[in-house]
There are 2 protein chains.
Amino acid sequence: MIEYRNLRVALLGAGSVGSQVARLLLSQGDEFASRIGARLELVGIAVRDVDAPRDTELPRELFTTDASSLILGADIVVELMGGIEPARGYVLEALNSGADVITANKALLATHGPELFDAAEQVGAQLYYEAAVAGAIPIIRPLRDSLAGDRINRILGIVNGTTNFVLDRMDVNGETLQDALATATDRGYAEADPTADIGGYDAAQKAAILASLAFHTVVPLDRVYREGITGVTKAQVDAAREAGAVIKLLAICERMTDPETGEEGVSARVYPALISRDHPLAAVHGAHNAVFVQAAAAGDLMFYGAGAGGVETASAVLGDVVSAARRHVVGGPGVAESTHADLPVLDIGRVVTRYQITLDVEDQPGVLAAVARILSDGGVSVETVQQSVPSTTGPVVIAGAAPAAAGPIHGGGTATATLVIGTHEAEEAALAATVEALAASDVVIAISSVLRVEGS
Amino acid sequence: MIEYRNLRVALLGAGSVGSQVARLLLSQGDEFASRIGARLELVGIAVRDVDAPRDTELPRELFTTDASSLILGADIVVELMGGIEPARGYVLEALNSGADVITANKALLATHGPELFDAAEQVGAQLYYEAAVAGAIPIIRPLRDSLAGDRINRILGIVNGTTNFVLDRMDVNGETLQDALATATDRGYAEADPTADIGGYDAAQKAAILASLAFHTVVPLDRVYREGITGVTKAQVDAAREAGAVIKLLAICERMTDPETGEEGVSARVYPALISRDHPLAAVHGAHNAVFVQAAAAGDLMFYGAGAGGVETASAVLGDVVSAARRHVVGGPGVAESTHADLPVLDIGRVVTRYQITLDVEDQPGVLAAVARILSDGGVSVETVQQSVPSTTGPVVIAGAAPAAAGPIHGGGTATATLVIGTHEAEEAALAATVEALAASDVVIAISSVLRVEGS
């Protein structure tokens, strides 16, 4: 029997992830000791209410309300409380005492990351956060270490399981947003108040974390452009399906050239976007997550798996605990977070992407020419125009049309026609102004959908 | 301008990966220095022939034939020569001198891994090998670190791009093996002598490396069961497609219970297997690689990307170089490779999986009963039987049939019928003996295909 030294682990929080972390630490102690060369001793679990009902069989004597005493003397502190305060205070206490900290707290990292990383660097401690993005999927370590010798150009992430479940139900089962959300709530994929998920707030926090890491640049949460899925309609999802595409809520982190200044910058943004069915992200169903990474040398990579769940996320937390423990065993300070690149974060208006605009127009001569002129005046170049008239059997595709020169889209009558316009890459600001001009135009009855197209 | 200390990098080998590593080290020096906090100085490139023609613009004065002198005094040695000797000797020289070593040499690791890891541990150096498996895809670090707190149960990997390209052409384009291999050679996906790839030798080396890492157990190359794709026929691929499946060459690493002893063991094996079209691995096309990992807590994960290519593999090598360099900057010895679990490696005969057996039989009464009795006597339980007679329009599926009790499979005549039998899980040894008994039976004209079924 090998005698190992002990490493003291303090756990803050005993929710769905915390209770699984505690259970695995207690039940797999020998295995962890063999892997690490030291024994992990769970010295206590800080909770708000020691007497609250819990579904696990964790020893009662581990629970305490005194987080600060627990942190004092711990080698490794695992913060799974969530929220900003008191989590932030405890994490700083832990780092200042020289402990390594493992956290799954995306809100805290997205809003106070630099403060925490600075505190860690001051004392040579390490802050690990694999579980903060995409649950069980290893993505932080691959970005920080495996791709440390490469140049990451773009990340497209499905990083919120609730919204992916909802959009997938709408796509696969033809449900409305409301019905799909009700199913998600029934099955425990959505919380009672689903705002953080369907509003895109959760995904935006993850985008801030991924962009900061990938581009060696602090990207604060308030510089992440955000749209949720509340505006996604069944009609949009159905139209996407018919066109060989699917709507996904994407967290996009992109290295790009500022179209105004010509200088290098980065963009972080979250919105529902069309992607082709051929794209690997299109096959990510249910509440799964996936992160698609485009790097200069490595090319396209994808990381796929469970984005949430107590035991799944506990796997990521424990991977960090073992890494931290190994570092304690071999010695040496932690590697500091790298923000040396310090690139400017571009506004959403500067983002360049492709768009699909769906318009209801009067089905009479000259309408297409008028619409095309508005687009052209706005600096938005058209790639495809597709017209569908309710009474015809299928849409007419005019790929690569030169719409300004085209004639009437449909002879005679005063019925309504639908135009689906696919644009070339355009600046978001130009597009927004152009959509406003279209809305104000006499020939346009309504703009029924504006979607960005990603994943080319 | 920050003054950085220098870290001396010696490169052994200047092939397609080595020349890209050298190019990126020379061209992105400032970027690497910012990320690391030290400057990477490429002190030389050891090659067999300094005057050999090379397609890159690397400075002539970097080349030398004296690898040992280059290694002496280097902080980091990058071995990209391939093959066992002299690579093994140089890697040992480097580790013994205290240098960290980065290698993409799967053959060396699969055959001499323990010796090299021991040498590294003796001096507290680190041996990195992300590029040895699945090219640019981060898989070593996720297995070693991200999943260090989890229990890996199974890995199914498409880890050889050549064979995946060939099988994908056979599936998507309906080509024969010979035609698909000719295309692969034309496009540079297969070497002039493709034996290492299509014989499964390359995949077996990677299976040995992955199994050793995932199960904390030395799995020597000669304990990896191996079948290549040379026996895969167009008829098998076509039949798989019609049945909603696809044939992939899989490297399988599995934690399992020895069916004979009841004790825990591991299996590492490579063979072409049927997987359902619904499985994420079925969507891995062309020369791409993907590694599907099933872990106790994390659930199913998949890592996808380019499995080969000079610049892609260079990304993985440079990720390791930056990791090694960061460790030099912060100090502390490396983390030793963990083989504490030391589980027995099971023979292929002990492996339990499902099978699909395709038989040509005489189409007359009593044949199905006779075939079913042979299977039953051999301890192989039948899940589905499907019969196709050339003259009928489609196969008759008898799902969950109890074939021993079934009557004649087709009334009258002496024509040939084809039976496709899907088995429940069976031991490989039992299956092999049963297939022999079938072959020896009077009612069986020929056994046209035996395929394992994976990915359930």
Side-chain angles (χ1 to χ4, degrees), chain A residues 20-21 24 28 31-32 34-37 124 130 135-142 145-151 216 280 283 290 293 295-306 309 311-312 314-323 326-327 329-336 338 340-341, chain B residues 20-21 24 28 31-32 34-37 124 130 135-142 145-151 216 280 283 290 293 295-306 309 311-312 314-323 326-327 329-336 338 340-341:
Chain A
Q20 292 290 342
V21 167
L24 291 165
Q28 305 195 356
E31 179 67 30
F32 286 138
S34 305
R35 292 184 190 180
I36 295 163
E130 184 64 76
I137 307 172
I139 183 64
I140 300 301
R141 204 172 265 103
D145 297 330
S146 306
L147 291 164
D150 207 330
R151 182 184 169 87
H216 305 273
V293 178
D300 293 351
L301 301 168
M302 192 169 84
F303 304 80
Y304 166 91
V311 70
E312 291 88 348
S315 168
V317 170
L318 287 167
D320 281 350
V321 170
V322 171
S323 294
R326 285 173 174 163
R327 204 177 70 71
V329 170
V330 298
V335 174
S338 163
H340 67 86
Chain B
Q20 290 292 339
V21 167
L24 290 165
Q28 304 195 357
E31 179 66 31
F32 286 139
S34 306
R35 292 185 190 180
I36 295 163
E130 184 63 76
I137 306 172
I139 183 63
I140 300 302
R141 203 171 266 103
D145 298 330
S146 306
L147 291 164
D150 207 330
R151 181 182 170 88
H216 305 273
V293 178
D300 294 350
L301 301 168
M302 193 169 84
F303 304 81
Y304 167 94
V311 70
E312 292 87 348
S315 169
V317 170
L318 287 167
D320 281 349
V321 171
V322 170
S323 293
R326 284 175 175 164
R327 204 176 71 70
V329 170
V330 299
V335 174
S338 163
H340 66 86

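Below, all heavy atoms of this structure are taken into account, side chains as well, without hydrogens, waters or symmetry copies. Chain naming here is simple, since letters A, B, ... match the order of the sequence lines and numbering starts at 1 in each. Predicted model only: the values in this text are computed from it and were never measured.
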Let's test your reading of the structure: which of [options] forms the most heavy-atom pairs below 4.5 Å with chain B?
options                        : result
A:A297, A:A295, A:A283         : A:A297
A:R141, A:E31, A:E312          : A:R141
A:G305, A:A136, A:A306, A:P138 : A:P138
A:G319, A:A296, A:A148, A:P280 : A:A148

Heavy atoms only, distances under 4.5 angstrom: which of B:I140, B:D145, B:I36, B:L318 has the most pairs with chain A? Name it, please. B:D145
Is there a side-chain contact between A:H216 and B:S34 (heavy atoms, below 4.5 Å)?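 Of all side-chain heavy-atom pairs linking B:S34 with A:H216, none is under 4.5 Å.
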Give the minimum heavy-atom separation between B:L301 and A:I137, together with the two atoms involved.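 Nearest heavy atoms, B:L301 then A:I137: CD2-CA, 4.0 Å.
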Measure B:V322 against the heavy atoms of chain A and call it side chain, backbone, both or neither at under 4.5 Å. side chain
Please flag which part of A:F303 lies under 4.5 Å from any non-hydrogen atom of chain B: side chain, backbone, both or neither.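 For A:F303, backbone and side chain are both near chain B.
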